[in-house]
Amino acid sequence: MATLMVPENLVYERPHAFTDAPTHYCPGCTHGVAHRLIAEVLEEMNLTERTIGVAPVGCAVFAYNYFDTDFVEAAHGRAPAMATGIKRCLPDHIVFTYQGDGDLASIGMGEIVHAAARGENITVIFINNANYGMTGGQMAPTTLPGMKTTSSPDGRDVETQGYPIRMAEMLATLDGAGYVVRRSLHDPANIRKAKKAIRTAFEVQERKLGFSMVELLSTCPSNWNLTPVESLKWLEEHMIPFFPLGDYKVAPAIAAAKI
Amino acid sequence: MATLMVPENLVYERPHAFTDAPTHYCPGCTHGVAHRLIAEVLEEMNLTERTIGVAPVGCAVFAYNYFDTDFVEAAHGRAPAMATGIKRCLPDHIVFTYQGDGDLASIGMGEIVHAAARGENITVIFINNANYGMTGGQMAPTTLPGMKTTSSPDGRDVETQGYPIRMAEMLATLDGAGYVVRRSLHDPANIRKAKKAIRTAFEVQERKLGFSMVELLSTCPSNWNLTPVESLKWLEEHMIPFFPLGDYKVAPAIAAAKI
Amino acid sequence: MARELWEGNQAIAEAAIRVGLEAYFGYPITPQNEILEWMSKRLPELGRAFVQAEAELGAINMVYGAACTGARVMTSSSSPGISLMMEGLSYIAGTEVPMVLVNVMRGGPGLGNIAPSQADYNQICKGGGHGDYHPIVLAPASIQEAVDLMPVAFDLAEKYLNICCLLIDGSIGQMMEPVELPEMRPVVRKDYPWAVNGAKGRPRRILTSIYLDPPEEEKTNLRLLKRWQEAQEKEIRYKEYFIEDAEFIVIGFGTAGRVALSAVRAARAQGIKVGLFRPITVAPFPYKRVAELAQQVSAFLVTEMNAGQMLEDVRLAVNGSVPIEFYGRLGGVVPFPDEILSEIQRVAKAKLSADADPVANWMKRMEMVAR
Amino acid sequence: MARELWEGNQAIAEAAIRVGLEAYFGYPITPQNEILEWMSKRLPELGRAFVQAEAELGAINMVYGAACTGARVMTSSSSPGISLMMEGLSYIAGTEVPMVLVNVMRGGPGLGNIAPSQADYNQICKGGGHGDYHPIVLAPASIQEAVDLMPVAFDLAEKYLNICCLLIDGSIGQMMEPVELPEMRPVVRKDYPWAVNGAKGRPRRILTSIYLDPPEEEKTNLRLLKRWQEAQEKEIRYKEYFIEDAEFIVIGFGTAGRVALSAVRAARAQGIKVGLFRPITVAPFPYKRVAELAQQVSAFLVTEMNAGQMLEDVRLAVNGSVPIEFYGRLGGVVPFPDEILSEIQRVAKAKLSADADPVANWMKRMEMVAR
Amino acid sequence: MPAKGTIEVNDLYCKGCELCVDACPPKVLALDMERLTPKGYHPAHIVKDGCTGCAICALVCPDAAITVYREVTKAAAPVAAGG
Amino acid sequence: MPAKGTIEVNDLYCKGCELCVDACPPKVLALDMERLTPKGYHPAHIVKDGCTGCAICALVCPDAAITVYREVTKAAAPVAAGG
Amino acid sequence: MQTELILSGFGGQGIMFAGQVLSYAAMDVGKQVTWIPSYGPEMRGGTANCTVVIADEEIGSPVVKNPDVALVMNLPSLDKYEPLVKPGGMLVINESMVDRGARRDDITVVTVPCSEIAEEIGSIKMANMVAVGALLSGLKELTVADVEAALNAHMPGRHKHLLPKNIEAIHKGYEYAKAHTVAAR
Amino acid sequence: MQTELILSGFGGQGIMFAGQVLSYAAMDVGKQVTWIPSYGPEMRGGTANCTVVIADEEIGSPVVKNPDVALVMNLPSLDKYEPLVKPGGMLVINESMVDRGARRDDITVVTVPCSEIAEEIGSIKMANMVAVGALLSGLKELTVADVEAALNAHMPGRHKHLLPKNIEAIHKGYEYAKAHTVAAR
Ligand SMILES: Cc1ncc(C[n+]2csc(CCOP(=O)(O)OP(=O)(O)O)c2C)c(N)n1
Ligand SMILES: Cc1ncc(C[n+]2csc(CCOP(=O)(O)OP(=O)(O)O)c2C)c(N)n1
Ligand code: SF4
Ligand code: SF4
Ligand code: SF4
Ligand code: SF4
């Protein structure tokens, strides 16, 4: 075999846009897949030297350790505001936020809606794993009806705890939103589609076409109490029906740009 | 004439759900019309003794002086959260918020979206007058593109200041929202429709059918620098095309209830 | 009731429930998630109100609304989440409605870490929100004390129409100790003369924090101040150890205070005549008692898990009459008893001046430790 | 440059622009709307960044982001809006990036009113956000002073990698005075060794306030404290009037200080040997200088538009050596010079004790005024 | 033949905004330039015959300053109440 | 005839989550129960012939632990890169 | 030396601008000056007033309880400020809006029909400038010429066309006042 | 009288539970006790340890630098805590996970193959209880009987079926330790 392992046969290697640091994510958590796709896109588009990432408060709080780009750590939910401040001072740089569903859809609702309404020229990678991972699996705005979490121990009761929020659909209603889509990380085909969407989102920003967001359905094996493989199945069977994959907003200018 | 002025000929009088206090609103401001419609509905539905109003921060900050019901004054934008706290402790009482567009759509975005997503059984009266009245006519999330305000002195530039937000349309995407409509206060026919909608919204709450919001297009003669009469025309000609009137969410249960 | 082994956060939540908590509104944050999680299980099964708010901002304003109805209500959070409540707390204080707040402090500033800290003392005691107001702040040092203070907190909040804060840290929140919990009491919604609950058979009521006319606002401020003065006279709580024959005294609250107890015992074992003063109400602060003690002793050693925040209250109380030394650990570091012991030994020997700056001297020593 | 008649808020905004402000993020609130409105006109026409944020919470976090790029950035608000910034301010302090904050204080707590007040002193000077950090706080008493302090504020923020706050009230914000503004300077984006602006030709940079390992967080806290000590030694500013032969001294900052000046002049005209000490840096507070003055005089009279917040700093400085009296107005009431004059006359005659509680005595007098 | 009606404008509330004047179908209303209300406004009043008591003025009045009378059966009343 | 490939799993990153094992089309991967990584996980490795170098394992690996080689023209490479 | 003026009237009577005109003039003659507005608790309409302090040295309080000069444009203002003027001070009353005379005789009182005079000039809006002229008749610190110069120097371009009328109004007010001043006993 | 114990190992080795069992027992025999966890900076996996303080009077610090007793379930824990045990104190080592012996001879050392013994009983999960038994062999404050009683009294119903195995493990650990204790010199 060893003879195979020669440069000219190389078809895939760890992205150079990554640092050498191993992630702190739980085994099989697809946060890691999302990270890898972003790193691949940054590398392919040659953006590492002028990209500034904004890490959330959530399991991805240490995202800044893994990408070989400048990074800042935002307050919980405020990444879009922080990204706005950066982008307005560095208009020709690429600024992206990476946020979980508690961060973006719960405490950060005001900031994300207004960043989208302003057509803020930033890219948002939104990880929807249906719960609060870092703090121990509490209910998130994306937690499915009836789903048990540490703060909905008898299953989310929509009567008293409300209904899940479909962020992509909601933000798509805003004129300022340029590119808003939902993808999933549960199998190879969808991972490829997810990467395409991430690439498009960064292209949109590069061409100053406005606010772009890719919502990614992601797993949380640790808090779902499932194995990584079971988690992918659960995501496919339970999350996708409630959070349909698709393009919710592709502004004419973007469609025209044929990215 | 005087002979006409006898009780049996009375066809309209100041609602009893009002206190005697004259309002502090500018002459011709339709905040007053909205107040009057709410008072008429509370009186007709006999709710004054078990209603708690939540006043916003905005020109309606003193709303509590005008309604003959219990009232609280919320922090800027937090009326839906405060109403939630009240409703959860007094589930059989009627709780409504009265909010301007800066209060509800700007600083209060997180609270209103989540109150709607929770299907919080409260009624929201949302006054959209396309600017911040109380603080002197600054730009609001509802300020029209190109519209001059004291914080968009050269007219709202959508490139840097973003696009207006259509709250009714956006909240209608939430499963928790029961009844979400937009009406206008610019002429007698529309004022009648507005009142019907307000009545429906309170009926929805009374029957515990979930979150209800009536968005009302309203005038701000003082900051628009128009006469009250001109203001009504401006509203009709400029606001309605951008903020179409209509029913954006009427949950099946509500339609069924034939309110 | 029998003693049971309880985790601090859960014991505090259960104690609140048993003394009549009607509604809880909160948002997850380490190290106090167990409070919210306990509430999410217990309150619904008891038919009481639990809402996981969209954020601390929402939570405190839900509490505000609930408090206006006269319901027993509380929220809990940790440092960053508490900072988000400052506007709401100022409104609640200005509206003169009662509520209980639990702050399980963690290392800061900023996102910091989730380790035990005491660096939010000034925030809650001196002025986190805008305007002149003073929450009542209780600083228990053990789970049993926290549990016993829970009914006290509600009673004080309701008596003084004020915020009452239980100020603890992650170590008290997450450790376990044997605890005796109060009996389950029935919930009674008091019909306060100020509560908004429907203007039926009475004139309507308004609860607000606006007083557009400054003289009216001034009257309100004075009303708040008078209540505060009354609390200062009537509600002071503290615990003293080995005070009678003490030649100097260690002062620390909460966890720093209980760590100091171990050190003081060890020092006593070595024949050092040192005492311990542990304030339980840190606001109002026991100024009078500390001033009295200043007459008896030759010096104070203040120890905190912050850079000397309560220290200023001790200095105000001592008012220059005797020297004060300081030892603090920062950013989530909990001191070991032996660190405080060596400070005690140092103070026992050192020649001290009442004009020296305790913080500056401590900083010099910290640098020598050069960590 | 020629003197022009400027409104305070507009003068402050224009001064910031002329000394190189690159970005402003804010949200409307009375009595400081004129700052935001001025920025909304001027910054776009100069090709600089202006964003009316969705709220103060958004504004401070936009500032946070902008500050991380090394841009000169500021925001402004008034009391309730400032309370909403507390979490963000703690993050900014913990991340060690520079920014300028303007608080045009109004009457509180809660929604209160829009009249001039000084009741947010503790909030910004003692601890509004969580954790141990100390913003630098400048309290000008006139528009010219505010304008002259604007470049100082940016320089201090950048020198100490800290928040620098201009603490004024609605009367300074909305009055007009003849002012000389600085010349328009070109904008220069400094390439700070910490700024995130793209990892081109250099190792990547990270700006964060997390230090999960408590000892690391402790080091950070100590680093902040060291800078704070340096600022305490180097940056103290104050203004003294009639000090040389003063037998006692009035201390007041900002508007209360300038109102006191009229009273002190009137008292001097009556032959009363009184001086005025007006701190300009209220944080760091001029403890040393006040302690020196305590050696010269027989008493101090502290006057504030709050319930005695700076008073505690004066007490810490005086440390019991001479009596301190207090006179405050609350909730948006601005004292007239004659009120302070009669206090001066009272203090000139009264027999005072250094152990008396200045606030308690003042409250008694306020009640006699029985408004 | 049109119904006969009249209105009463309460000086305590009227702010002279003219919305009723503009809305009145038979155009029988105008501001009274002779009088000032306690708050210093010229209040609306009827200037000629023809008021039908349709209550449109009351419907548009932001200050609930108008009381409307009409010499007919109450049947038509609800119109005014807008219900 | 299928392309010939192989993979290299980096012990520094592999957490033994088994996603690659599950995703591998020819099912040639398994966790190595004999070995522990420095972080204490059983890493994935090739257990039988048949690896086509399709890079599916690398595509699903959350920890970018896999390097893939393939004895064919680079043409097919982009597939792996997902572009 | 310090002189304190309070100008008061309804919102819309141009009181704020009148105060600013005096402030500009004071600044231009090299004095220290502060202008500070205060609006009634009613956010709109209601009474408005401003305080102007003119001095040679650093000005302390911009607000004063007992002004040297009070200009009152309506009755509520007269009722409020007449009692507050310093003994020996001056009170300027806009006769057009006030149906009673002054009650104090220990202050100089100038009663001027500002609105009527303004209408003569052809613009009721000039009543405030007439009042300024009347006020100048008793003000040592500033001359009519100073104020004229200030108007010239600082009136925004788009209003320059109003300059002549403003100046005429000031003169008319000044002359009328000289002829109708009742000095303090 | 106060005794301080530190129990340390990998997350998942049942260290926290072991500490709690001792705490329950101490509580039931009427002592004061504190149990406090501390997790490594790594939020998950990594080493976990807890400190148990057993005393007759109000307990001060729940954390200690130099424990009387240390139970180490893996090598990193041994390296970290062996040097910290008080002279004359006791160190319990889980031989199964540690490839070196103790280096100090001024403390009592008990080396127990917890995992192997647990597997004999038929459940590797019982290694922590074996360790508890071993620890009890040198602890004056608590007897095996005390701990048995505590398990009986406090083990949640759904786990009651594990009771016999737990108790067996404790006994096995205790006996093995009695036979393999190297007393301090
Ligand atoms: C103001 C504030 N509130 C709460 C927290 C605690 N907290 C940290 S992460 C988090 C939620 C994380 O969930 P999510 O955003 O869904 O990301 P995930 O961990 O699932 O990837 C919370 C509530 C905080 N750090 N700051
Ligand atoms: C936290 C906070 N920020 C800002 C303000 C200032 N403020 C008062 S009302 C208002 C907006 C009012 O506009 P809107 O909600 O549209 O109501 P309107 O006055 O137009 O009826 C603002 C920004 C405040 N009081 N509190
Ligand atoms: S907790 Fe969940 S989301 Fe967080 S790293 Fe683990 S698996 Fe991923
Ligand atoms: S400012 Fe505008 S919204 Fe406010 S009362 Fe006046 S007209 Fe109405
Ligand atoms: S609409 Fe009402 S307020 Fe307006 S003029 Fe007519 S009566 Fe008066
Ligand atoms: S997917 Fe990656 S981390 Fe998971 S087992 Fe395979 S190589 Fe290891």
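A, B, ... follow the sequence lines: proteins, then strands. Residue 1 opens every chain.
- Contacts of Ile66(E) with chain B are made by backbone atoms alone, with heavy-atom separations under 4.5 Å and no side-chain atom involved.
- For Tyr13(E) (side chain) and Asp20(B) (main-chain N/O), a donor-acceptor pair under 3.5 Å exists by modelled atom type.
- Taking each heavy atom of Ile56(E) and Pro188(B) in turn, the nearest pair found is CG2-CG, 3.7 Å.
- When each of Gly28(B), Ala194(B), Cys29(B) is checked for heavy-atom pairs under 4.5 Å with chain E, Gly28(B) comes out on top.
- Taking 4.5 Å as the limit, some side-chain heavy atom of Leu59(E) sits within range of a side-chain heavy atom of Arg192(B).
- With a threshold of 4.5 angstrom between heavy atoms, Ala21(B) approaches chain E through N, CA, C or O but not through any side-chain atom.
- If you measure heavy-atom distances from Leu185(B) to chain E, you find no contacts under 4.5 Å at all.
- Looking only at distances, no side-chain donor or acceptor of Lys4(E) sits under 3.5 Å from a matching main-chain atom of Leu4(B).
- Asn9(B) contributes atom CG, which lies 10.5 Å from atom CZ of Arg70(E) (distance to the nearest 0.5 angstrom).
- Listed for the Lys15(E) side chain is a donor-acceptor partner under 3.5 Å among the backbone atoms of Tyr25(B).
- Residues Val60(E) and Arg36(B) come closest through the heavy atom pair C-NH1, 4.0 Å.
- Rounded to the nearest 0.5 Å, atoms CD (Glu230(B)) and CG (Asp22(E)) are 10.5 Å apart.
- Smallest separation of non-hydrogen atoms from Ile7(E) and Met5(B): O-CE, 3.7 Å.
- Shown here are the side-chain hydrogen bond (donor to acceptor under 3.5 Å, both in side chains) partners of Glu13(B), two or more places apart in sequence or in another chain: His16(B).
- Side-chain atoms of Glu18(E) and Pro228(B), non-hydrogen and from C-beta on, never get closer than 4.5 Å to each other.
- Proximity to chain E (any heavy atom under 4.5 Å) is shown, for Tyr66(B), by neither the backbone nor the side chain.
- For Asp63(E), the parts lying near chain B are the backbone and the side chain together; criterion is any non-hydrogen pair under 4.5 Å.
- Counting heavy-atom pairs closer than 4.5 Å to chain B, the top residue among Cys61(E), Gly53(E), Ala23(E) is Cys61(E).
- Contact of Pro15(B) with chain E is made through the side chain alone, with heavy-atom distances under 4.5 Å.
- The shortest non-hydrogen separation linking Leu232(B) to Leu19(E) is CD1-CD2, 3.5 Å.
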